[in-house]
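Indexing begins at 1, ligand by ligand and atom by atom, following the structure's order. Sequence positions, counted from 1, serve as the residue numbers for this chain.
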Amino acid sequence: MAVLGLVDSAEGDWARLRGLQYAGLSRLVSTRLAAHALAALLVVQALAGTVSILILLSWTALLAGVMVHGARIDRSLEDADRRRVTRQEIQRQTVGAVAAGAVWVIPIVLLSPYGSGEQRLLVWTVMAMLMAGTALAFATVPLSAVLFNAILGIASIAIFMWYGKMTAAAAAVTFVIFLAVGSIEAARAFLAGKVAEAGMAEKSEVVSLLLREFEEGEADWLWQTDSTRRVRSASPRFAFALGEDPEDLDGKPLIQLIAGASWEDGHFHSSLHDLAEKLKRRESFSNLLVRVTLHGHHRWWELSASPKFDENANFIGFRGVGSDVTEQRESADKIAHLARYDTLTGLPNRLMLTETLGEAMSEADRWRMRCGFMMIDLDRFKAVNDTLGHLVGDQLLARVSDRLKSLMSDNELCGRLGGDEFAIVVRDATDGDRIRHVANAVITALSQPYEIDHHTLYVGASVGSAIGPRDGATVETLMRNADLALYRAKDEGGGQHFDYEPALHAHAEERRKLEFSLRHALERGEFALAYQPVVDAITEEPLSFEALLRWNSAEHGQVSPVKFIPLAEDTRLIVPIGEWVLRTACHEAMNWPSHIKVAVNVSGEQLLDPSFAEVVVSALASSGLPPHRLEIEVTESIFVRDGTAAQQTLERIMSLGCGVALDDFGTGYSSLGYLRKLRFSTIKVDRSFVQGAARDNPESLAIVRAVVAMADALEMSTTAEGVETEEELAKIRLLGCKKIQGYFFGRPMTPADAIAMFETLALRSIRA
Ligand code: C2E
Ligand code: CA
Ligand code: CA
């Protein structure tokens, strides 16, 4: 019944199958029309003499009408396989077939009363031919075939029986039944075929869909080679990945396609070498990362494949998948790069430095060599950063990095540990001079002035180094010991290189203890001030006293200010300690003759403290010291830190009436330009120049002369520091310095000694 179209089976897509059934009809429309026309011609000829020509013509016209109508219906079903066939369409088609059958009954009935046996046989033969033809032509649509044949068959059987031709009737019955069964079976076979075909199509559709999805997946492709490692049946995606035409690929060696120029010279990238090896050894591999070269560009592919064998276990090549992972790898590289490089300077960071040092150490261990680790710290960087801001500080670090980089050879790797700390790994430091040479080059290069944002910046560098494995068996100890050496270098005032020595441990420990004691020195009253006279170069009369801090520590005894002042500056303890010095000195000066001034040393650290000017005002007010009797001593370093902040503080102090002296002139920064920045009351020429000038060192002489000339022009006074001998005094006088300070006229003394000195002087003048 389902095959006939009378019911729809639950199994299968019958709407689609019906479409396929009916779509077949249109193909045979012309053949069918021709067959019917031929049959009609035969019938008309057979009946021409017996039946009136008018009736025959009318019948022919009727048949033609029915057939054309049927043909039109069949034609309209041409696209039925691509759409659904409606129930009405099926009905219309069936009615068309029934109508055709009915028209064909007419000649059988017309003939029966008159025709001869011979005519009847002829008509029956034509009918049988039509029925057989219809059964074949309507093979896919059995309902129409069965109905058409049933109508003709029943009419014929009825006629045979009417005239008592029982044998013929029986034969006709058998014929009709055979035809019906035949066309139903044919339709069943057709439908079964279509169902199977549909299944197949469905499967292949799924496969191609999967393939397409796979192929379109961003970077993935299938690839295969034959037993000679040549590319076979290259997929379009694979060809695309290669940047080639699929047709051009067939038969080309895979390695040649991806090796680029190295195919010629044989210097394969190691990953490519691995791939070639695997292919050669017929080993399967998965996610093998290969660097390929396509049209001169490097890309990274991830390839997986396994060898294929035919049924006789013969190797027939590789089949696998691949994907381009260049982007992922690049971002992975980027991440790895970020993890190993400092973003500000682009130099290797601490991680990479430690890794490199680790490698250098194991290399040194293996070859019984020595490696080195150097730590570099910028002197006075903090001041630049604090006062000129981070932007300038960052630029400075970048410039320092450039200079460092330019000094490196293949043997060294420089990097940034953080802040203003840099480091160098020296892979082979077997040559003992190597480290010293590099350290000196670094100090010299980094100490040259930097021009940044219209500032001329002077920073120095201190270097500490340690040699592996001598100074440490592990990366950690080697780094720590280089750090200790650096500490020592900074402690010595910077601008120097120190190599690690075991005694440094004790040194560092001592410094730590010193710092601990220093934190409590003020509250324990361990500080005292010593006063050193400054005399007039001509009259040798005392003009002022410089207050110099003394620390008598319970734990450490007398500690030199050269040692503890930098420590106090580093820890910012100098701020409260300096305030104590200022207040104490002002109070003490009140015990002196009213024309004697007091000079107080002030660190840059103190000047940057926002409350410093108030502290000065408060010290003057509470002691009652007139401002003009107080002179603040600062060094050039404050200008490196910041022209503005420190300068503004000093200008405020000067506006109170206090003097400001430029201390240690000629050391470190030595720029006469600083003299123009502030109206200093005094320039103090450092002891080294005084001694140099006394020895007729031309450079020292030139500097002292220049300072004196400049100070005179700017109406500033000059003080020569550290005059110890008669000769030095004579030279200084000759050079025109106004004031003299030094052991020759008096060492730093207790307050009582200072007062005693005034008394002797007063006595002397009375005697005179
Ligand atoms: P400075 O300001 O240059 O002080 C002069 C230093 O030279 C003093 O050393 C003094 O004793 C020494 N000196 C003076 N005349 C002679 C001489 O003829 N020959 C020799 N060889 N040396 C002489 P001192 O007292 O050890 O102070 C060292 C440094 O400590 C000072 O150098 C100063 O920079 C710093 N300092 C001392 N007291 C203070 C303070 O209260 N505050 C701050 N911030 N720094 C201070
Ligand atoms: Ca001083
Ligand atoms: Ca000085």
Side-chain angles (χ1 to χ4, degrees), residues 493 518 521-522 526-535 542 544-552 558-586 588-589 597-609 612 615-616 619 630-638 641 646 659-670 680-694 707 718-729 731-732 737 739-750 753-754:
L518 190 65
L522 204 55
E526 293 177 345
F527 288 122
L529 288 181
Y531 297 92
Q532 187 180 28
V534 178
V535 303
S544 65
F545 279 79
E546 180 178 1
L548 293 163
L549 189 56
R550 296 290 173 261
W551 178 27
N552 188 7
Q558 282 289 341
V559 185
S560 162
V562 177
K563 212 169 185 179
F564 74 81
I565 294 288
L567 190 60
E569 284 172 346
D570 279 356
T571 52
R572 286 185 60 81
L573 284 168
I574 194 68
V575 174
I577 293 172
E579 183 176 344
W580 178 87
V581 171
L582 188 70
R583 288 181 187 280
T584 311
C586 287
E588 188 56 38
K597 297 183 180 183
V598 64
V600 174
N601 292 289
V602 170
S603 298
E605 228 32 77
Q606 288 171 269
L607 286 179
L608 292 177
D609 192 80
F612 183 72
V615 170
V616 174
L630 175 65
E631 192 170 53
I632 300 292
E633 291 192 6
V634 295
T635 62
E636 290 163 296
S637 67
I638 59 157
R641 289 158 175 249
V660 174
L662 184 59
D663 204 353
D664 301 343
F665 189 84
T667 61
Y669 319 99
S670 320
F680 292 105
S681 44
T682 304
I683 297 162
K684 299 184 80 171
V685 181
D686 191 72
R687 191 180 132 226
S688 54
F689 298 102
V690 172
Q691 293 182 330
V707 173
T718 42
T719 302
E721 291 189 289
V723 175
E724 294 180 349
T725 62
E726 195 82 61
E727 297 80 60
E728 283 167 7
L729 175 65
K731 195 80 189 187
I732 288 307
C737 275
K739 297 182 281 186
I740 292 165
Q741 179 179 4
Y743 291 171
F744 186 76
F745 290 108
R747 294 192 172 240
M749 55 191 82
T750 59
D753 287 348

Shortest protein heavy-atom distance from [atom], along with the residue and atom involved:
atom                    : result
atom 15 (N) of ligand 1 : Gln532 NE2, 2.9 Å
atom 16 (C) of ligand 1 : Tyr743 CE2, 3.2 Å
atom 6 (C) of ligand 1  : Leu548 CD2, 4.7 Å
atom 35 (C) of ligand 1 : Ile565 CG1, 4.2 Å
atom 27 (O) of ligand 1 : Pro561 CG, 3.5 Å
atom 11 (O) of ligand 1 : Pro748 CG, 3.4 Å
atom 45 (N) of ligand 1 : Asn601 CB, 3.6 Å

Report summary line: Between Pro748 and Leu548 the two heavy atoms that sit nearest each other are CG-CD1, 3.7 Å

Report task. Locate the shortest heavy-atom distance separating Glu728 from Glu724; write the atom from each residue and the value. Result -> OE1-N, 2.7 Å

Report task. Test Thr635 against every option in Val602, Leu662, Asp664 by the side chain to side chain contact (heavy atoms under 4.5 Å, CB included) rule and name the one that passes. Result -> Asp664

Just which atoms of ligand 1 are under 4.0 Å from any heavy atom in [X]?
X      : result
Glu721 : 3 (O)
Asp664 : 3 (O)
Arg687 : 19 (N), 20 (C), 21 (N)
Ser603 : 44 (N)
Glu724 : 17 (C), 18 (O), 19 (N), 20 (C), 21 (N)
Gly742 : 15 (N), 18 (O)
Glu546 : 2 (O), 4 (O)
Val581 : 41 (O)

Requested in this report: Give a yes or no answer on whether the side chain of Gln606 reaches the backbone of Ser603 with a donor-acceptor pair at less than 3.5 Å.
Outcome: yes

Query raised in the report: Does Val534 offer a backbone N or O that forms a donor-acceptor pair with the side chain of Ser544 under 3.5 Å?
Result: no

Query raised in the report: Asp663: which N/O/S atom is nearest the Ca ion (ligand 2)?
Result: OD2

Report task. Name whichever N, O or S atom of Glu633 ends up nearest to the Ca ion (ligand 2). Result -> OE1

Can you check whether a protein heavy atom sits less than 4.0 angstrom from [atom]?
atom                    : result
atom 32 (O) of ligand 1 : no
atom 9 (O) of ligand 1  : no
atom 41 (O) of ligand 1 : yes
atom 23 (C) of ligand 1 : yes

Any heavy atom of [X] sitting closer than 4.0 Å to ligand 1?
X      : answer
Lys684 : no
Gln741 : no
Glu569 : no
Gly578 : no
Arg747 : no

To the nearest 0.5 Å, what is the distance between [atom1] on [X] and [atom2] on [Y]?
X      : Y      : atom1 : atom2 : result
Glu633 : Asn601 : CD    : CG    : 4.5 Å
Leu607 : Ile632 : CG    : CD1   : 8.0 Å
Thr725 : Lys731 : OG1   : NZ    : 11.5 Å
Ile740 : Glu721 : CD1   : CD    : 12.5 Å
Leu549 : Leu529 : CG    : CG    : 6.0 Å
Glu636 : Ile683 : CD    : CD1   : 9.5 Å

Report task. Test Val581 against Thr584 for side-chain contact (heavy atoms from CB on, under 4.5 Å), laying out the working first. Result -> CA-CA 5 Å; Val581 171; Thr584 311; 5.9 Å; no

Requested in this report: Quick one: look at Arg550 and ligand 1, take heavy-atom pairs under 4.0 Å, and tell me if it's side chain, backbone, both or neither.
Outcome: side chain

Query raised in the report: Any idea which part of Asp663 is under 4.0 Å from ligand 1, heavy-atom wise: side chain, backbone, both or neither?
Result: side chain

Query raised in the report: Under 3.5 Å, is there a donor-acceptor pair between the Thr718 and Lys739 side chains?
Result: no

Requested in this report: May I ask you to decide whether Arg572 forms a salt bridge with Asp609, counting only side-chain N to carboxylate O separations under 4.0 Å?
Outcome: yes

**Report entry** Arg583 with Glu579: basic N within carboxylate O range, under 4.0 Å
**Finding:** yes

Requested in this report: Could you label the plane-to-plane angle of the Trp551 and Phe564 rings as parallel, tilted or perpendicular, counting under 30° as parallel and over 60° as perpendicular?
Outcome: perpendicular

Query raised in the report: Should the pair Tyr531 and Phe545 be assigned to parallel (<30°), tilted (30 to 60°) or perpendicular (>60°) ring geometry?
Result: perpendicular

**Report entry** N, O or S atom within Glu721 nearest to the Ca ion (ligand 3), by name
**Finding:** OE2

Requested in this report: Report yes if Leu549 has an N/O atom closer than 3.5 Å to an N/O atom of ligand 1; otherwise report no.
Outcome: yes

Query raised in the report: With the Ca ion (ligand 2) at the apex, how many degrees lie between OE2 of Glu546 and OD1 of Asn601, rounded to 10 degrees?
Result: 90°

Query raised in the report: Of all the atoms in Asp664, is at least one N, O or S atom closer to the Ca ion (ligand 2) than 3.0 Å?
Result: no

Query raised in the report: Glu546 and side-chain hydrogen bond (donor to acceptor under 3.5 Å, both in side chains): which partner among Lys597, Gln532, Gln741?
Result: Gln741

